Amino acid sequence: MIQNGQLLNYINGTWVRSPATEFSEVKNPATGETMVRVPLSSRDEVDSVVQAAQVAWDGWRRTPATDRVQYLYRLKELLEQHFDEIARITTNESGKTFAEAQGELRRGIENVEVACGIPSLMQGYNSEDIARGVDEIMIRQPVGVVAAITPFNFPGMIPLWFLPYAIACGNCFILKPSEKVPMTMSRIFELFDQLGLPPGVLQLVNGGKETVDALLDHPGIRAISFVGSSPVAKYVYSRAAANGKRAQCQGGAKNPVIILPDADMDTTTRIVADSAFGCAGQRCLASSVAITVGNARTSFTGRIAEAAASRSVGYGLDADVQMGPVISNESKQRIERLIGKGLSEGAEALVDGRNAQIHGYERGSFIRPTILNNVDPRSEIAGTEIFGPVLSLMHANTIDDAIGIVNGGAYGNQACLFTSSGAAARKFRYEARAGNIGINIAVAAPMAFFPFSGWRDSFFGDLHGQGRDAIDFYTEKKVVVERWPTEWTRTF
Ligand code: NAD
């Protein structure tokens, strides 16, 4: 909710104006217009949020799971009713196209749908007669008050990777959205407010680093979910763990895609271009390095350059726009600097998207799709997450050499292969050191009922977001061993 140009926090079932003295601003990245002021909430505010959650938790955990999910069924209905309205907010604050904003909300809603199955997903298991007359059962209980800290690139979907599972499992949940894009979830929390959830079960606190640190340090919070860049993911993981919390921290990426000569080149080009330039390259599953093998170099290079050069760039709510701006002017400058760095390291710009001018949107943070050819796998640019519409091309002689390049990188969020050979696909699936694998797919985003499985520097923790991992993360397992000797049986 917005009041006098300032976003409010949602605390204990009420919209509250933060007494913060520091603010950041949300700017529409296409127009440069300031949309709202975001309070950078203090430690004291975080403390009041956690206290409200602690009070709410006892009643919420005793609410039967079958009753808890009724709120999610109603939430799903409200999200469907307000689908386009929310997607428009996402476009305006993040820059992505309206179709991309609709797509991410759809993937977010899928998590609400899966979490509606918690009454069965949360079941434990048991064994009768583990010894004569002794039974053993495992039951799952909610962990308590939990929090999530989320990034700018999916303002609606990523909070929904966590929130529905957390509350359906009986936890009280606190969200700290990205201060760059807090408006989508603010609107979604207005819908939550209509659900009649007990106060304190779901809360929203806006802020930046100080707010995050307060969440990480607060003894009342038992578990932290984080999605963002790898250095911050590692920091959040370490600080949460040092404070005795359970943590799952998803980090950055540098996703390679291998193209074998037997791939269907037209389809491959279309799919790889969508992956590299969709959401202006600001997806953690964006393909950012394409490694051609053998003759694929000739057939792929020209096609992908053409696809990059012909992509229409503009304001995401305008018709026929395929790619919007990057999130901010600072981001644009950083990406353009990295393109320059790649050129100074010996790469060649087949398509150079720097200095883009979009008529009518001169204050926007636009970069057009960029293709850097002959990027050296050992160069700095090859290992740096650019997080913009830049695809680096590398060329290898064999699939083994190409897999060597994939496995030589530090990240492990996603690796993809394009081929018509089942044997090559199996070899790749077996050997590639990444947690999300695409075969003839270049955004291998797991459905809500599978874990979002980053590896290596793309993930810090054990249990991933979504799927059955989410149930394990948001519950404690309790094992009961019990004996009821027959001689204690009374005769009535
Ligand atoms: P970011 O790391 O800058 O910010 C993420 C969150 O952390 C924000 O809420 C922010 O307020 C907070 N934060 C930032 N700096 C902090 C600090 N020093 N101390 C404490 N908290 C801090 O990330 P971003 O720029 O918002 O998002 C882009 C990054 O997220 C990219 O690296 C992308 O690959 C990654 N990402 C990963 C996944 C995944 O599933 N692995 C998904 C989406 C995005």
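Nothing here was measured: the structure is a model prediction, and the numbers come from that model. Order of appearance sets the numbers: ligands from 1, and atoms from 1 within every ligand.
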Top protein contact for atom 23 (O) of ligand 1, by heavy-atom distance: Ser229 N, 3.5 Å
query: Would you say the side-chain atoms of Asn243 pair up with the backbone N or O of Lys245, donor to acceptor, closer than 3.5 Å?
result: no
message: Can a donor-acceptor pair be found, under 3.5 Å and without considering hydrogens, that links the side chain of Asn255 to the backbone of Ser288?
response: no
query: For Ala442, does its backbone N or O pair with a side-chain atom of Gln414 as donor and acceptor, under 3.5 Å?
result: yes
Heavy-atom donor-acceptor pair, Thr91 side chain to Lys96 backbone, under 3.5 Å: yes
query: Which is it for Phe154 and ligand 1 at heavy atoms under 4.0 Å: side chain, backbone, both or neither?
result: neither
query: At a non-hydrogen distance cut-off of under 4.0 Å, which region of Asn413 contacts ligand 1 (side chain, backbone, both, or neither)?
result: side chain
Where ligand 1 meets Gly252 - atom numbers and elements under 4.0 angstrom, heavy-atom basis: 32 (O), 34 (O)
Thr269 side-chain N/O to Ile304 backbone N/O, donor-acceptor pair under 3.5 Å: no
query: Does the gap between the ring centers of Tyr71 and Trp60 come in under 6.0 Å?
result: yes
- request: For atom 15 (N) of ligand 1, find the nearest protein heavy atom and state the residue, atom name and distance (0.1 Å precision).
  value: Val232 CG2, 3.7 Å
message: Has Gln6 got a side-chain atom pairing as donor or acceptor with Val38's backbone, closer than 3.5 angstrom?
response: no
message: Under 4.0 Å, counting heavy atoms only: does Ile158 come that close to any atom of ligand 1?
response: yes
- prompt: What do we get for Phe459 next to ligand 1 when only non-hydrogen atoms under 4.0 Å count, side chain, backbone, both or neither?
  reply: neither
query: What protein heavy atom sits nearest atom 19 (N) of ligand 1, and how far away is it?
result: Lys209 CG, 3.4 Å
task: Return yes when Ser178 approaches ligand 1 closer than 4.0 angstrom through a heavy atom, no otherwise.
output: yes
- request: Tell me which part of Ile149 gets within contact of ligand 1: side chain, backbone, both or neither, using heavy atoms under 4.0 Å.
  value: side chain
query: Numbering the atoms of ligand 1 from 1, which are under 4.0 Å from a heavy atom of Val212?
result: 20 (C), 21 (N)
field: Per-residue contact class, Trp161 against ligand 1 - non-hydrogen pairs under 4.0 Å
entry: side chain
query: How does Glu385 reach ligand 1, by side chain, by backbone, by both or by neither, if only non-hydrogen atoms under 4.0 Å count?
result: side chain
field: Test item: protein heavy atom less than 4.0 Å from atom 36 (N) of ligand 1
entry: yes
- prompt: Is Gly208 close to ligand 1, meaning an N/O of one under 3.5 Å from an N/O of the other?
  reply: no
- prompt: Has the side chain of Glu45 got a donor or acceptor atom that lies under 3.5 Å from a matching backbone atom of Val205?
  reply: no
- request: Using a strict cut-off of 4.0 Å, indicate which atoms of ligand 1 neighbour a heavy atom of Gln250.
  value: 39 (C), 40 (O), 41 (N)
message: Before we go on, tell me: are the rings of Tyr361 and Tyr315 under 6.0 Å apart, centre to centre?
response: yes
- line: In ligand 1, the atoms that come under 4.0 Å of a heavy atom of Asn153 are 43 (C), 44 (C)
Test item: Thr384 side-chain N/O and Ile386 main-chain N/O as donor-acceptor pair under 3.5 Å: no
message: Checking the side chain of Glu100 only, and the main-chain atoms of Thr97 only, is there a donor and an acceptor separated by less than 3.5 Å?
response: yes
task: Using a strict cut-off of 4.0 Å, indicate which atoms of ligand 1 neighbour a heavy atom of Lys176.
output: 8 (C), 9 (O), 10 (C), 11 (O)
query: Would a distance-only check, ignoring hydrogens and angles, find a side-chain to backbone donor-acceptor pair under 3.5 Å from Thr150 to Pro159?
result: no
message: Please check whether Phe152 reaches ligand 1 - meaning an N/O of the residue sits under 3.5 Å from an N/O of the ligand, judged on distance alone.
response: yes
message: Is the contact between Val236 and ligand 1 made by the side chain, the backbone, both, or neither, using heavy atoms and a 4.0 Å cut-off?
response: neither
statement: A student checking ligand 1 against Phe452 at a 4.0 Å heavy-atom cut-off should list atoms 40 (O)
query: Considering only heavy atoms, does Glu179 approach ligand 1 within less than 4.0 Å through its side chain, its backbone, both, or neither?
result: side chain
- prompt: Under 6.0 Å from the CD atom of Glu22, do we count more than 12 heavy atoms belonging to anything else shown?
  reply: no
